[in-house]
Undergrad: 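Quick one: this structure, given as structure tokens, is what I'll be asking you about.
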Amino acid sequence: NIDYAEISKKKALQSALIKLAEINGLYYYCMESLLKSCITFSDIQKEKWNNELEKMIFLENTINFLNNINLRYIIIKACTKIPHVPRDVDIFVDRNERKNFLEILDNEGFAISYSNPVETAFSKPNLLKLDIYCSVEYMGMKFLNEKYLWNSVIREKINNVECCNLDDNANFLLILIHCFFGHRRMTFLDFLHLKYLLNTIDEDFCRKQATEMGWEKVFDQLLDT
């Protein structure tokens, strides 16, 4: 029942809608939907959309790069159920292969954006920023076992490019943890993605993983929230 004619006619409404979508991680999805309904945009908004399409190409370039370096990786914290362009690509690598990974990135012309014991971020033109993790830790506590993550790897397509991702159970757990303890906030994209995954996960299995790592009560509180 969306009145697309009103959105096209009332530029203030259109601007407010797009801004709300943008701050909630839904800019790509929103614009794609509006364009399918033949909404007209200002030149500024067209340029912004073209920049977003370019970033989508950067995302594909980044995944293709990861697929071609012959080292194990997992794309983590990815909202794969709703089309969007992330600000960066978070990947999980084996701690024993981290040095080799960093050497490859250095040889390929990546620059370090920042680094700490848990996470190192790299950037390179025409690719999205790469954030590299070797463990899932927040506030000094490990929330997921590395062996469990590696056993949860699946091959899945992101924007038609195949990559190593996590199955729904592991993806749900990691995004849940990251929203509440990493960002300490949840975008509408995160919320929609988690709600979608609630229909596909094995809740008892997820609770068991949380119990083994000592945060079962927190898991139940987060689900209630």
Undergrad: Strictly by modelled atom types, are Y27 and K19 linked by a side-chain donor-acceptor pair under 3.5 Å?
TA: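 There is no such pair between these side chains.
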Undergrad: Could you report the tightest heavy-atom contact between K129 and S113, atom names first, then the distance?
TA: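 Between these two residues, the closest heavy atoms are CD-OG, 3.9 Å.
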Undergrad: Could you state whether F92 and I69 fall into the same hydrophobic cluster, counting links through intermediate Ile, Leu, Val, Met, Phe, Trp or Tyr residues with side-chain heavy atoms under 4.5 angstrom apart?
TA: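 Per the 4.5 Å side-chain linkage, F92 and I69 are not co-clustered.
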Undergrad: List the steps, then state whether salt bridge (charged side-chain N to carboxylate O under 4.0 Å, His left out) holds for E162 with R155.
TA: CA-CA 6 Å; E162 194 170 90; R155 297 291 293 184; 3.3 Å; yes
Undergrad: Below 4.5 Å, heavy atoms only, C-beta onward: do L174 and L149 meet side chain to side chain?
TA: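 Contact flag for L174/L149 side chains = yes.
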Undergrad: Measuring from L223:CG to L176:CG, what's the distance to the nearest 0.5 Å?
TA: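 Result: 6.5 Å between the selected atoms.
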Undergrad: What I want to check is whether the side chains of D94 and Y73 have a donor and an acceptor closer together than 3.5 Å.
TA: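 Side chains of D94 and Y73: no pair found under 3.5 Å.
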Undergrad: Between A78 and I175, what is the shortest heavy-atom contact and its length?
TA: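 The answer is O-CD1, 3.8 Å.
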Undergrad: How long is the gap from CG on N169 to OG on S152, to the nearest 0.5 Å?
TA: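 So the CG of N169 and the OG of S152 are separated by 7.5 Å.
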Undergrad: Does the side chain of I91 come within less than 4.5 Å of V89's, by heavy atoms?
TA: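 Yes; the side chains approach each other to less than 4.5 Å.
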Undergrad: If I compare all heavy atoms of G25 with all of H84, which pair ends up nearest, and what's the gap?
TA: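 Minimum heavy-atom separation between G25 and H84: O-CB, 3.8 Å.
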Undergrad: Hey, is CD1 on I44 packed in by over 12 heavy atoms from elsewhere, all under 6.0 Å?
TA: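 Check fails, neighbour count at 12 or below.
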Undergrad: Give a yes or no on whether L26 and L20 share a hydrophobic cluster (residues Ile, Leu, Val, Met, Phe, Trp, Tyr; joining criterion: side-chain heavy atoms under 4.5 Å apart).
TA: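 As far as the 4.5 Å side-chain criterion goes, L20 and L26 are not connected within one cluster.
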Undergrad: With a 4.5 Å cut-off on side-chain heavy atoms, are F58 and L127 touching?
TA: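 No, every pair of side-chain atoms sits at 4.5 Å or beyond.
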Undergrad: Decide whether L71 and V153 are clustered together by the hydrophobic rule: side chain heavy atoms of Ile, Leu, Val, Met, Phe, Trp, Tyr closer than 4.5 Å, transitively.
TA: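 No, no single cluster joins them.
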Undergrad: Could you give the distance from CG (L13) to CD (E6), rounded to the nearest 0.5 Å?
TA: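 The CD atom of E6 is 5.5 Å from CG of L13, to the nearest 0.5 Å.
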Undergrad: Are L35 and I2 in one and the same hydrophobic cluster, where Ile, Leu, Val, Met, Phe, Trp and Tyr link if side-chain heavy atoms are under 4.5 Å apart?
TA: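 Yes, L35 connects to I2 through the hydrophobic network.
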Undergrad: Out of L166, I63, D90, which one pairs with I75 under the side chain to side chain contact (heavy atoms under 4.5 Å, CB included) rule?
TA: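 Between I75 and the candidates, side chain to side chain contact (heavy atoms under 4.5 Å, CB included) is satisfied uniquely by I63.
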Undergrad: Between L194 and M186, is any pair of side-chain heavy atoms under 4.5 Å apart?
TA: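 They are in contact (side-chain heavy atoms under 4.5 Å apart), so the answer is yes.
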Undergrad: Please verify the inter-ring angle class for F143 with W215; under 30° counts as parallel, over 60° as perpendicular, anything in between as tilted.
TA: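 Taking W215 first and then F143, their aromatic rings stand perpendicular (interplane angle over 60°).
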Undergrad: Is it true that atom CZ of F191 has more than 12 heavy atoms of other residues, nucleotides or ligands lying nearer than 6.0 Å?
TA: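 No, not enclosed.
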Undergrad: Take atom OH in Y29; do more than 12 heavy atoms of anything else shown fall under 6.0 Å from it?
TA: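 At most 12 heavy atoms, drawn from other residues, nucleotides or ligands, come within 6.0 Å of this atom.
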Undergrad: Which distance, rounded to the nearest 0.5 Å, do you find between the CG of N100 and the CG of N70?
TA: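 With rounding to 0.5 Å, CG (N100) is 12.0 Å from CG (N70).
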Undergrad: Between K81 and D168, is the salt bridge (charged side-chain N to carboxylate O under 4.0 Å, His left out) condition met? List the steps.
TA: CA-CA 10 Å; K81 309 304 179 184; D168 285 354; 3.5 Å; yes
Undergrad: Angle class for the F205/Y148 ring planes (parallel below 30°, perpendicular above 60°, tilted otherwise)?
TA: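 Rings of F205 and Y148: tilted, 30 to 60°.
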Undergrad: If we only count heavy atoms from C-beta on, is the K55 to Y28 side-chain gap below 4.5 Å?
TA: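 Heavy-atom side-chain distance check fails, nothing below 4.5 Å.
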Undergrad: So with a 6.0 Å cut-off around CZ of F180, is the heavy-atom count from everything else above 12?
TA: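 Atom CZ in F180 is packed in, count exceeds 12.
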Undergrad: When rounded to the nearest 0.5 angstrom, what distance separates CD1 in I74 from CG in L66?
TA: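 One finds 12.0 Å between CD1 of I74 and CG of L66.
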Undergrad: Any carboxylate oxygen within less than 4.0 angstrom of a Lys/Arg side-chain nitrogen, looking at E52 and K46?
TA: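 Looking at E52 and K46, the cut-off is not met.
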Undergrad: Has the side chain of D106 got a donor or acceptor atom that lies under 3.5 Å from a matching backbone atom of L102?
TA: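 It does not hold such a pair.
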Undergrad: For D204, does its backbone N or O pair with a side-chain atom of Q209 as donor and acceptor, under 3.5 Å?
TA: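 Not confirmed, Q209 side chain does not pair with D204 backbone.
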Undergrad: Might you work through the side chain to side chain donor-acceptor pair (under 3.5 Å) test for K77 and Y133, ending with a clear yes or no?
TA: CA-CA 11 Å; K77 299 185 288 186; Y133 296 81; 2.8 Å; yes
Undergrad: So do N145 and M213 actually touch side chain to side chain, heavy atoms under 4.5 Å?
TA: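 Yes - at least one pair of side-chain heavy atoms lies under 4.5 Å apart.
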Undergrad: With a 6.0 Å cut-off (strictly less than), is the heavy-atom count around CD of E216, excluding the residue itself, greater than 12?
TA: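 Yes.
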Undergrad: Which atoms form the tightest heavy-atom contact between S135 and K142, and what is the distance?
TA: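 Taking S135 first and K142 second, the nearest heavy atoms are CB-CE, 4.4 Å.
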Undergrad: Checking side-chain contact (heavy atoms from CB on, under 4.5 Å) for the pair L198/I201: CA distance, chi angles, key distance, verdict?
TA: CA-CA 6 Å; L198 275 174; I201 64 168; 4.1 Å; yes
Undergrad: Evaluate the side-chain proximity of D131 to T120: yes if any heavy-atom separation is below 4.5 Å, no if none is.
TA: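 No. Closest side-chain heavy atoms not under 4.5 Å.
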Undergrad: Using modelled atom types and a 3.5 Å cut-off, is there a donor and acceptor pairing between side-chain atoms of N107 and backbone atoms of E103?
TA: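 Judged by distance alone, yes, a pair lies under 3.5 Å.
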Undergrad: Would D43 and K48 pass as an ion pair if we require N to O under 4.0 Å?
TA: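 Result for this pair is no, no salt bridge flagged.
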Undergrad: Using only atom types and a distance under 3.5 Å, with no angle test, would you say the side chain of K124 pairs donor to acceptor with the backbone of E108?
TA: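 Looks like yes, one N/O pair under 3.5 Å.
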Undergrad: So does R207 pair up with E203, basic N to acidic O under 4.0 Å?
TA: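 So R207 pairs with E203 through a salt bridge.
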Undergrad: To the closest 0.5 Å, what do you measure between CG (N171) and SG (C206)?
TA: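 That separation rounds to 10.0 Å.
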Undergrad: Is any side-chain heavy atom of I18 closer than 4.5 Å to one of W49?
TA: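 When only atoms from C-beta onward are counted, I18 and W49 do not touch, as no gap falls below 4.5 Å.
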Undergrad: With under 30° as parallel and over 60° as perpendicular, where do the rings of F110 and F122 fit, or are they tilted in between?
TA: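 Perpendicular, since the angle between the ring planes exceeds 60°.
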Undergrad: Could you pull out the closest heavy-atom pair between C163 and N67, with the gap in Å?
TA: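 Looking at all heavy atoms of both residues, the closest pair is CA-OD1, 4.2 Å.
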Undergrad: Can you check whether K11's main-chain N or O pairs, donor with acceptor, with S15's side chain at less than 3.5 Å?
TA: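 Side chain of S15 to backbone of K11: no pair is present.
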Undergrad: Using the rule given for side-chain contact (heavy atoms from CB on, under 4.5 Å), can you reason through L130 versus D88, listing the C-alpha separation, both sets of side-chain angles and the distance that settles it, and then say yes or no?
TA: CA-CA 6 Å; L130 274 177; D88 49 39; over 6 Å; no
Undergrad: Strictly distance-based, threshold 3.5 Å: is any side-chain N or O of S8 a donor or acceptor partner for the main-chain N or O of A5?
TA: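 Checking the backbone N and O of A5 against the side chain of S8, no donor-acceptor pair under 3.5 Å is found.
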Undergrad: With the 4.5 Å side-chain cut-off for hydrophobic clustering, are I154 and V93 part of the same group?
TA: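 No, I154 and V93 fall in different hydrophobic clusters.
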Undergrad: Would you check if there is a donor-acceptor pair between the side chains of N24 and T187 at a distance under 3.5 Å?
TA: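 Their side chains do not contain a donor-acceptor pair, so the 3.5 Å distance test is not met.
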Undergrad: Show, in sequence, the C-alpha distance, side-chain angles and deciding distance for L105 and F65, and conclude whether the side-chain contact (heavy atoms from CB on, under 4.5 Å) test is met.
TA: CA-CA 10 Å; L105 294 181; F65 169 79; 3.6 Å; yes
Undergrad: Could you give me the CA-CA distance, side-chain angles and deciding distance for E146 and R98, then say whether salt bridge (charged side-chain N to carboxylate O under 4.0 Å, His left out) is met?
TA: CA-CA 14 Å; E146 288 88 350; R98 183 176 183 273; over 6 Å; no
